[in-house]
Protein chains: 2
Amino acid sequence: MLDVTVYDIAREAEVSVSTVSRVLNGTAPVKASTRQKVLALIEKYQFQPNGLARSLLKKVTGTIGIVIPDINNPFFPEVFTGAENALREKGYTFFLCTTHGNFEYESQYLALLREKQVDGILFLGGRINQRHCPPDLAQELEDLNRRIPIVLVNGDLPGSSFHRVFIDEHRGAELATQHLIDLGHRHIGFIGGEPEITATTEKIAAFEQTLAVNGLSSRPEWMLLGDFSIGCGMRRMEELLALPERPTAVFCVNDFVSVGVIKTAFDHGLRIPADIAVVGFDDTVLAASTTPELTTISQRSKELGETSVRVLLQLIQKRRVRKHTVLEPVLKIRRSTVDGLNAAAGQLSQLSEPCG
Amino acid sequence: MLDVTVYDIAREAEVSVSTVSRVLNGTAPVKASTRQKVLALIEKYQFQPNGLARSLLKKVTGTIGIVIPDINNPFFPEVFTGAENALREKGYTFFLCTTHGNFEYESQYLALLREKQVDGILFLGGRINQRHCPPDLAQELEDLNRRIPIVLVNGDLPGSSFHRVFIDEHRGAELATQHLIDLGHRHIGFIGGEPEITATTEKIAAFEQTLAVNGLSSRPEWMLLGDFSIGCGMRRMEELLALPERPTAVFCVNDFVSVGVIKTAFDHGLRIPADIAVVGFDDTVLAASTTPELTTISQRSKELGETSVRVLLQLIQKRRVRKHTVLEPVLKIRRSTVDGLNAAAGQLSQLSEPCG
DNA sequence: TTGTAAGCGTTATCAT
DNA sequence: ATGATAACGCTTACAA
């Protein structure tokens with residue numbers, strides 16, 4: 001009752017297994033009457049062909065691995081959503097592997113994904129955002145890519161030839177910085193981000209370059225790195241506020257850090273943006289949760305996921321795809337930089353849907 | 001080079017495939033010299049056994065399906081994290097299926113998970129939170145449970161005998177309500193939640209019961225349902241504030257709704273908690289992101305994930321497990337209900353880790 | 001239109 | 001300690 005196979009169906013229908021297989025896959029004409037007989041039995045036993053056996057034969061599993069560093073950062077679930085939306089109707093299914101940026105976990109999961117014979121892999125974070133990725137880890141991924149199609153999302157590996165899909169982070173940081181400058185700010189700080197991660201260094205480079213283009217420059221004591229957490233934003237903001245001279249605006253490495261910055265500013269009785277303006281990065285749901293809402297750079301996370309998985313699909317089907325796909329970031333202006341902005345006029349349309 | 005099998009290894013090592021299998025699995029003694037020879041070839045070709053073939057034979061895939069309604073609600077990633085942490089070292093891998101509460105997607109994914117021969121399924125949201133689940137959908141899950149171990153997380157199906165792991169939501173809502181009453185509130189509203197979802201009705205029942213126990217009662221015009229989004233919180237709060245009489249506190253169905261409520265209160269120049277106190281539910285990262293931080297009920301999401309997956313593992317190993325595992329919710333008091341609370345004294349220890 | 005048999009890449013059961 | 005060989009459950013030539 002529990003483990004029905006094509007043989008069981010075939011026997012009871014008094015046909016051969018090939019016939020059962022044919023009605024299952026519509027791969028060749030079957031007499032209507034026998035088809036009915038088989039179909040009835042499939043229904044009766046709720047028969048479902050074993051995907052392992054099929055995949056073993058066809059060398060295709062309809063399965064994709066997604067490797068991400070942190071599922072608790074809302075950015076990644078959004079990317080996942082985009083990926084899933086793009087491939088849902090094709091019947092693909094996803095192994096979600098979260099690595100916490102731990103290289104060991106990454107390697108472990110990559111091996112597991114290979115063993116499970118995934119058709120392709122989307123790789124985010126971890127070693128591909130490292131300023132100096134250990135050569136053996138880069139090599140590991142290269143080797144794997146010779147067997148399984150891999151798309152690097154928002155990352156890169158030096159001297160490699162992976163297919164990549166990414167947001168132009170440099171441009172994003174430029175947009176953020178220029179926005180603050182356009183608002184009249186001349187003294188701007190930078191908060192958050194691990195110094196060995198390219199997501200940090202890219203932004204800093206663009207930040208300083210944009211300042212320079214506008215005849216301004218950064219101040220070392222206002223460059224307060226750390227990590228990508230709320231707690232980091234809080235702590236660094238405390239430090240910033242303790243300085244004899246303060247900037248009038250800060251650009252944060254991501255939305256999480258921005259939340260911490262806003263929180264601490266509030267605790268010190270500062271008004272945002274009047275006393276200090278704040279810009280974030282990612283445009284996650286957190287940006288819509290703060291008071292005031294956060295001006296930030298959208299990474300178009302869902303589109304990023306969709307696009308990445310489409311590229312991967314092309315690769316799986318051995319079609320030609322361009323190596324690099326770049327998405328343009330978008331500046332989302334909200335009330336953490338522009339006072340008196342009409343809430344309804346903000347880019348919060350997502351929040352304006354009817355609710356039951 | 002790309003598709004090496006045990007046969008290839010065996011041939012080149014001049015041994016039989018069984019010997020290769022033996023060194024692979026350590027399932028029987030092998031002469032040291034031949035083991036070395038085989039190992040060298042495995043290394044040389046970076047051979048990795050095909051999991052499909054192995055699973056086909058062993059009838060175990062080391063794979064678990066997790067069905068959730070919405071990965072963009074931080075609660076679910078937290079549950080996922082707990083599940084993954086508990087099973088990572090055992091080499092399990094997870095199919096993440098997000099259904100958007102769409103019953104069709106649910107059925108589709110359930111079929112796929114069966115086809116992929118997952119060892120077990122964690123089911124959250126959707127049909128198991130329905131006040132009136134369509135019988136055929138309940139039946140579908142029951143049927144599947146006869147073939148694959150399933151654990152219902154934070155949900156139930158009437159007249160069924162699934163294994164379940166859940167938070168005592170009734171108790172949670174009671175804690176929240178009593179907290180407000182203890183603070184002196186006598187006029188309390190309820191905001192958010194779809195009326196056909198048990199996550200809503202359970203809370204409302206506990207809310208009204210707790211009011212009654214304290215000699216209070218709810219007011220129909222202050223019971224403003226809807227859905228579980230920020231936008232809903234915003235809109236319902238607008239409506240509430242437009243009433244001639246307002247409550248002094250509101251209990252929201254979840255953190256998302258709370259965020260909207262706080263946002264709108266702020267826009268109306270109200271101070272929280274002085275003018276209106278707010279309590280949420282879930283204790284997601286959003287609760288730590290609002291200003292002021294949100295008093296909320298912790299569902300102990302990570303533990304929930306861990307526990308669920310442990311129960312599932314017992315089921316997979318055909319061990320006896322108690323049918324129901326209940327977790328006690330925890331009230332997290334923050335500044336959206338208690339003014340002047342020292343931030344450092346709050347339950348935000350998670351934010352206080354050093355940051356590089 | 002249908003059946004037979006080989007093969008997918010393993011592991012397990014026998015022998016030897 | 002090692003080797004043949006039969007499964008596992010399916011699809012697909014090739015025959016009939």
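Values below: all heavy atoms of this structure, side chains included; hydrogens, waters and symmetry mates excluded. Please read all numbers here as calculations on a predicted model, not as lab measurements. So that the names make sense, note that chain A is the first sequence line, chain B the second, and so on, each numbered from 1.
Atom-to-atom, CG of A:Asp3 to P of D:dA7 comes out at 17 Å; the value is rounded to the nearest Å. Rounded to a whole Å, the CZ atom of B:Arg114 is 14 Å from the C1' atom of D:dG9. One atom, CD of A:Gln117, and another, P of D:dC10, lie 19 Å apart when rounded to the nearest Å. The distance from atom CZ of B:Arg147 to atom P of D:dG9 is 14 Å, rounded to the nearest whole Å.
Checked by atom type and distance alone, the side chain of B:Thr307 never pairs as donor or acceptor with a backbone atom of B:Leu304 at under 3.5 Å. When atom types are taken as modelled, the side chain of A:Asn145 and the backbone of A:Leu141 share no donor-acceptor pair closer than 3.5 angstrom. Side chain of A:Asp119 to main chain of A:Val60: no donor-acceptor pair is present (N/O by atom type, distance under 3.5 Å, no hydrogens or angles).
When each of B:Leu56 and B:Val15 is assigned the nucleotide of DNA chain D bearing its nearest heavy atom, the one mapping closer to the 5' terminus is B:Val15. Between B:Val30 and B:Lys59, the residue anchored nearer the 5' end of DNA chain D, judged by the nucleotide with its closest heavy atom, is B:Val30.
In this structure, A:Thr34 reaches the sugar-phosphate backbone alone: every heavy-atom distance under 4.0 Å involves primed, P, OP1 or OP2 atoms, never a base.
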**Request:** Any chance you could list the contact pattern along nucleotides 11-16 of chain D? Use B for base contacts, S for sugar-phosphate-only contacts and - for none, protein heavy atoms under 4.0 Å, 5' to 3'.
**Result:** BBB---
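Between the side chains of B:Arg127 and B:Thr99, no donor-acceptor pair is found at a separation under 3.5 Å. The closest side-chain donor-acceptor pair between A:Gln46 and B:Asp143 falls under 3.5 angstrom. There is a side-chain donor-acceptor pair under 3.5 Å between B:Asn85 and B:Arg88.
Exactly one residue among B:Ile66, B:Asn72, B:Val67, B:Ile68 makes a side chain to side chain contact (heavy atoms under 4.5 Å, CB included) with B:Thr98. That residue is B:Ile68.
Contact footprint of chain B on DNA chain C: nucleotides with an atom under 4.0 Å from a non-hydrogen protein atom, first to last in 5' to 3' order, C:dG9 to C:dA12.
Annotation: A:Phe95 is in aromatic contact with B:Phe95 [ring centroid separation under 6.0 Å].
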